[in-house]
Trainee: 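Okay, here's the structure, questions in a sec.
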Protein chains: 4
Amino acid sequence: MPSSTGGKYDKILKASIDVISEKGLDKSSVSDIVKKAGIAQGTFYLYFPSKNDLIPAIADNLITITLDGVRERIQGKENFWDILEVVIDETLKITDAHKDIIVLVYSGLSINHSMEKWELLYRPYYDWLEDIINKAIQNNEIISNINVKWTSRTIINLVENAAERYYIGREQDDTLEVFKDEVFKFLRRSLFRT
Amino acid sequence: MPSSTGGKYDKILKASIDVISEKGLDKSSVSDIVKKAGIAQGTFYLYFPSKNDLIPAIADNLITITLDGVRERIQGKENFWDILEVVIDETLKITDAHKDIIVLVYSGLSINHSMEKWELLYRPYYDWLEDIINKAIQNNEIISNINVKWTSRTIINLVENAAERYYIGREQDDTLEVFKDEVFKFLRRSLFRT
Amino acid sequence: MPSSTGGKYDKILKASIDVISEKGLDKSSVSDIVKKAGIAQGTFYLYFPSKNDLIPAIADNLITITLDGVRERIQGKENFWDILEVVIDETLKITDAHKDIIVLVYSGLSINHSMEKWELLYRPYYDWLEDIINKAIQNNEIISNINVKWTSRTIINLVENAAERYYIGREQDDTLEVFKDEVFKFLRRSLFRT
Amino acid sequence: MPSSTGGKYDKILKASIDVISEKGLDKSSVSDIVKKAGIAQGTFYLYFPSKNDLIPAIADNLITITLDGVRERIQGKENFWDILEVVIDETLKITDAHKDIIVLVYSGLSINHSMEKWELLYRPYYDWLEDIINKAIQNNEIISNINVKWTSRTIINLVENAAERYYIGREQDDTLEVFKDEVFKFLRRSLFRT
DNA sequence: AATGAATGAGCTTTCATTCAT
DNA sequence: AATGAATGAAAGCTCATTCAT
C-alpha cells in the first residue's frame, strides 16, 4: 500500500497482463510476474494482498479504459444511435487489443470472486448506459416500454459477447464492417422507435 | 472411456459436479473427487486422461441436457416463437439447477482450452437453432435479411447471459415471468416479421 | 495414514530426532527431515498432518520409552524407595541419551500446543506414579497426609528438571552417583514415614 | 541499548510481551511488534540487534521483577520459612500475571540460546537464594548436610514448576491457599531441622 | 535517531500423476 | 480393471533484515 513510489503498482499490473496473456492464468506464477516487472517477490505483496487480487484489478482496468474510450469519442454526440455505434466500435477495438487476456480475466473473476464483485466493477459502465438510454427514451429515439436496467446490461453483454466471438472465437466469416453492422442492426430493430 | 464398467465414468462426472459446485474449480482436487465418487485415486485416470479433461466433459453434459430438454419439449410445436419460449424457459431452468457450476465450467473451458473446443461443444446446439431459424424465415415468421449463423449464436448467448444474470448475478428485481417476457420481447422486436 | 508400509512413520520420527537434535527446532525444515529419512517431500504429509505434529509425536515417544524403561526395571520390586531409585536412574539415562532434543521438544510442546496436550501425553506416567504412591501409603512406606495427584506430578517434574540441569545445564560439580543421591535424599526426607 | 531515547527500548519490550502473549512466539513478527509499539520497522534494529535478542531481554525482565519483588517483601524478615513463603507467594503472583508469556519465554530461551544464557540470567536469583540457605543453615533452621547450590536451584525450579502447573496447566483442584501450603510443606518436610 | 519501502531467501504445503501390486 | 502409497515439482506467501532518505 505504499503511495509515492516509482509506479510499482502499474508496473506489476502491466507485467501481469503481459505474463497472463502469454501463459494463461493458471500457469502464471507470482514469480513470473515479478521477474517481468523487475521487482522482488516480496514487493508484489506490498501492492497486492494476494495473487487473486490481480484479476479484479485487471478487469477494472479493462472496463475503465473501455468506458473512458467511449466517453472520449462521443464528445458532442447526442444521438443514441451514434453513441451505440461508438460503443460497438470501441468494444471491438478493446477486445481486439486485449484478446489474449479478456476471457481469462472475466473467467478469473467468476472463479475466484463473487458475482457481486463483477457487478461492482461494471456498475459505472452500466450506470452510464442507463443514463444514455433514459435520455434516448425522452428524445423519442427508442421505444419506451422497456426495463432500462435490464436493457443496459443486455446491450453491453450482447456487444461484448459478439466482439469476443469475432476476435477470440474467430467467427470471422464477414468483414469487420459487416459484423459491426449486424450487431448494430440487431439492436436497432429491437429498440428503434418508428 | 468405457461405459460398461459399473458406470464409473458417470460416477466420476457426478462427483466432479458435486465437488466443484461446492468448493469451486481451483479448490477441487482429484483427491476430493475420487473420495466423493468412492473410487481409488488411480481409477480416475482410467476414465479421464487428466484433470483438465473433466471440464469439457461437464460442459458437454450441460449443453447436451439443455438441447435434449428443449427438443423434448418442442415435440409437435412448429411456431418459431413457441420454440423460442421453450428455449428461454429451458435455459433458465438448467441455469437455476446448475447455477453453482455453470459459470465455473464455462470459465474453466476458456482458461484451459482453446475456444475451438468451446465452439465444438456448442456446435450441435448452434446447428439445431440455425435450422429452426431457417425454417422460420421460410415460414415468414421472422425477417429474412439476417445472418443466420450469427443470429443463432447471438440468441443463445443472449438468453444464457440473461439467465446467468438472473440466477447467478441475482438480478432479480422482477418476477421470473416478467424477466422471461423481457427476454422474449427483446428478441421478438428484433426478429419479428410484421 | 497408511498402515502396512515399510515403517515410514518410524523412519520420519527417527530422522526428525536426528535433524532437530543437530540443527534445533526452528532451523529444521521438513525438507531436511525427508532428505534424512530418504523419502519424498510429499510422503511426509501422508504420515503427519503438518510439521507441528512432529513434536507431540517425539514427546510421546520420549515419555513412553521412559515409562516403559521404568516398568521393565521394577519387575518384582515392591518397595517404594527402590522404585523411586529406578525412576531417578532411568530419567537420568533417557535425559543423557536424548539431551540434544529433550528441551527442544518440551519447549516445542509449550509453544505450539496447548498445555492440555502436554497433560495428555504425561497422563499415563502420572497415573502410574499415583498408583505407586497410593500403594506406598497403604504400606506405610511414606507419609499419608499428602495430595497424591500433586505429589506425583511434583516428583516427576523435580526429577526431570534435576536431570536436565545435570546433563543439559552441565551442573556437574559432583559425580552422577552423588547427584542421584542428592535427588533421592531430598525426596526421601520429604516423604519418608518414620 | 540507550535508555535516554524516549523510552523506545521499553516500548518495544512492552509491545513484544503484548504481542507474544496474544499470538505466541512463532506467529509474532517484528512487523507486529513495531506496529504495536508505534514505531517504524527499522527502529527496532536500533535497539535490538535481532529478533532473537528479544527473548532473553524479556526473560531477564521477568526474573528481575520476581527477585526484586521477593527482596522488597522480605524487608526485615529473617526467618527462612517466612522468606520461603514469600518466594512461593511472589512466584505464584508473577506466574499468574504473566501466564501467557512465561512458558513461551523459557521455551524460546531453550530453543534459540544455549543453556549458558539461561544459567546466566538466573544466576542472581540462584546466588541470592544460596545466601539465604547458608544463613538458614547457620541459624539451625534447616538441615546442614545438603548441597546448597543444588538445593537453591531445586527449590526455585520446584516452586516455578508448581506455579506453572497451577496457573498454566490449570491444575487447580484446590484453592490457591491449599496449593501454596502443599508446596511449602513439601519443602519444609525435606529441609526442616527438628 | 528514525523511517518504511524494498528485498529475496526460504518455508510449508498441495496435488496431479505414476506404477507396483 | 482397480488400487492407493509414493512421488517431487511447484507455488504462494512470510518476514527478518537492510539502507537510502
Side-chain angles (χ1 to χ4, degrees), chain A residues 1-6 8-9 26-35 37-54, chain B residues 2 4-6 8-9 26-35 37-54, chain C residues 1-6 8-9 26-35 37-54, chain D residues 2 4-6 8-9 26-35 37-54:
Chain A
M1 334 246 171
S3 44
S4 61
T5 60
K8 289 231 170 58
Y9 181 92
D26 278 12
K27 306 287 171 54
S28 300
S29 66
V30 172
S31 163
D32 294 328
I33 291 166
V34 297
K35 225 168 283 164
I39 57 165
Q41 186 92 352
T43 306
F44 178 92
Y45 293 90
L46 293 176
Y47 295 89
F48 292 87
S50 86
K51 189 195 172 187
N52 282 337
D53 294 281
L54 221 42
Chain B
S4 58
T5 58
K8 285 227 171 63
Y9 180 90
D26 277 13
K27 308 287 172 54
S28 299
S29 64
V30 172
S31 161
D32 293 328
I33 290 165
V34 297
K35 227 169 278 164
I39 57 167
Q41 190 91 352
T43 306
F44 178 92
Y45 291 89
L46 295 175
Y47 294 88
F48 291 87
S50 89
K51 190 198 174 188
N52 282 337
D53 295 282
L54 218 43
Chain C
M1 337 245 168
S3 45
S4 61
T5 61
K8 288 230 169 59
Y9 181 91
D26 278 13
K27 305 288 171 54
S28 300
S29 66
V30 173
S31 162
D32 294 328
I33 291 165
V34 297
K35 224 167 284 165
I39 57 166
Q41 188 91 352
T43 306
F44 178 92
Y45 292 90
L46 294 175
Y47 296 88
F48 292 88
S50 86
K51 189 194 171 189
N52 283 338
D53 294 281
L54 219 42
Chain D
S4 58
T5 58
K8 287 228 170 63
Y9 181 90
D26 277 12
K27 307 287 171 56
S28 300
S29 64
V30 172
S31 161
D32 293 328
I33 290 165
V34 296
K35 227 168 281 166
I39 58 166
Q41 190 91 352
T43 307
F44 179 92
Y45 292 89
L46 296 175
Y47 295 88
F48 290 87
S50 87
K51 189 197 175 189
N52 282 337
D53 295 281
L54 219 43

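Below, chain A is the first sequence line, B the second, and so on; all start at residue 1.
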Trainee: Using whole Å, report how far CD1 of C:Ile39 lies from P of F:dT7.
Mentor: 7 Å
Trainee: Among residues at least two apart in sequence or on other chains, which ones pass side-chain contact (heavy atoms from CB on, under 4.5 Å) with A:Ser28?
Mentor: A:Val19, A:Ile20, A:Lys23
Trainee: Within this structure, what is the OH-to-C1' distance between B:Tyr47 and F:dA2, rounded to whole angstrom?
Mentor: 8 Å
Trainee: Treat primed atoms plus P, OP1 and OP2 as sugar-phosphate and everything else as base, then score nucleotides 12-21 of chain F 5' to 3': B for base contact with protein heavy atoms under 4.0 Å, S for sugar-phosphate contact only, - for none.
Mentor: SBB-SBB---
Trainee: Figure out the OH/P separation between D:Tyr9 and E:dA1, and round it to whole Å.
Mentor: 15 Å
Trainee: Taking C-beta and beyond as the side chain, do A:Ile33 and A:Leu54 meet within less than 4.5 Å on heavy atoms?
Mentor: yes
Trainee: Can you measure C:Lys35 atom NZ to E:dG10 atom C1' for me and round it to whole angstrom units?
Mentor: 12 Å
Trainee: For A:Phe48, give me all partners under ring pair (Phe, Tyr, Trp, His ring centres under 6.0 Å), at least two apart in sequence or on another chain.
Mentor: A:Tyr9, A:Phe44
Trainee: To check you understand the geometry: which heavy-atom pair defines the closest contact between B:Lys27 and B:Asp32, and what is its length?
Mentor: O-OD2, 3.4 Å
Trainee: Could you check how far CG of C:Asp53 sits from C1' of E:dT12, rounded to whole Å?
Mentor: 13 Å
Trainee: Hey, which of these two, C:Gly38 or B:Ala40, hits DNA chain F nearer its 5' end, going by closest nucleotide?
Mentor: B:Ala40
Trainee: Kindly compute the distance separating CG (B:Asp26) from CG (A:Asp26), expressed to the nearest 0.5 Å.
Mentor: 6.5 Å
Trainee: Atom OG of D:Ser29 and atom CD of D:Gln41: how far apart are they, to the nearest 0.5 Å?
Mentor: 7.5 Å
Trainee: To the nearest 0.5 angstrom, please state how far the CG atom of A:Leu46 sits from the CD1 atom of A:Ile39.
Mentor: 8.5 Å
Trainee: Taking Watson-Crick (N1-N3 plus N6-O4 or O6-N4) and G-U wobble (N1-O2, O6-N3), each under 3.5 Å, can you produce the dot-bracket string of DNA chain E? Use [ ] for crossing pairs and | for inter-strand ones.
Mentor: .||||||||||||||||||||
Trainee: For D:Tyr45 and D:Pro49, work out which heavy atoms get closest and say how close.
Mentor: CD2-O, 3.7 Å
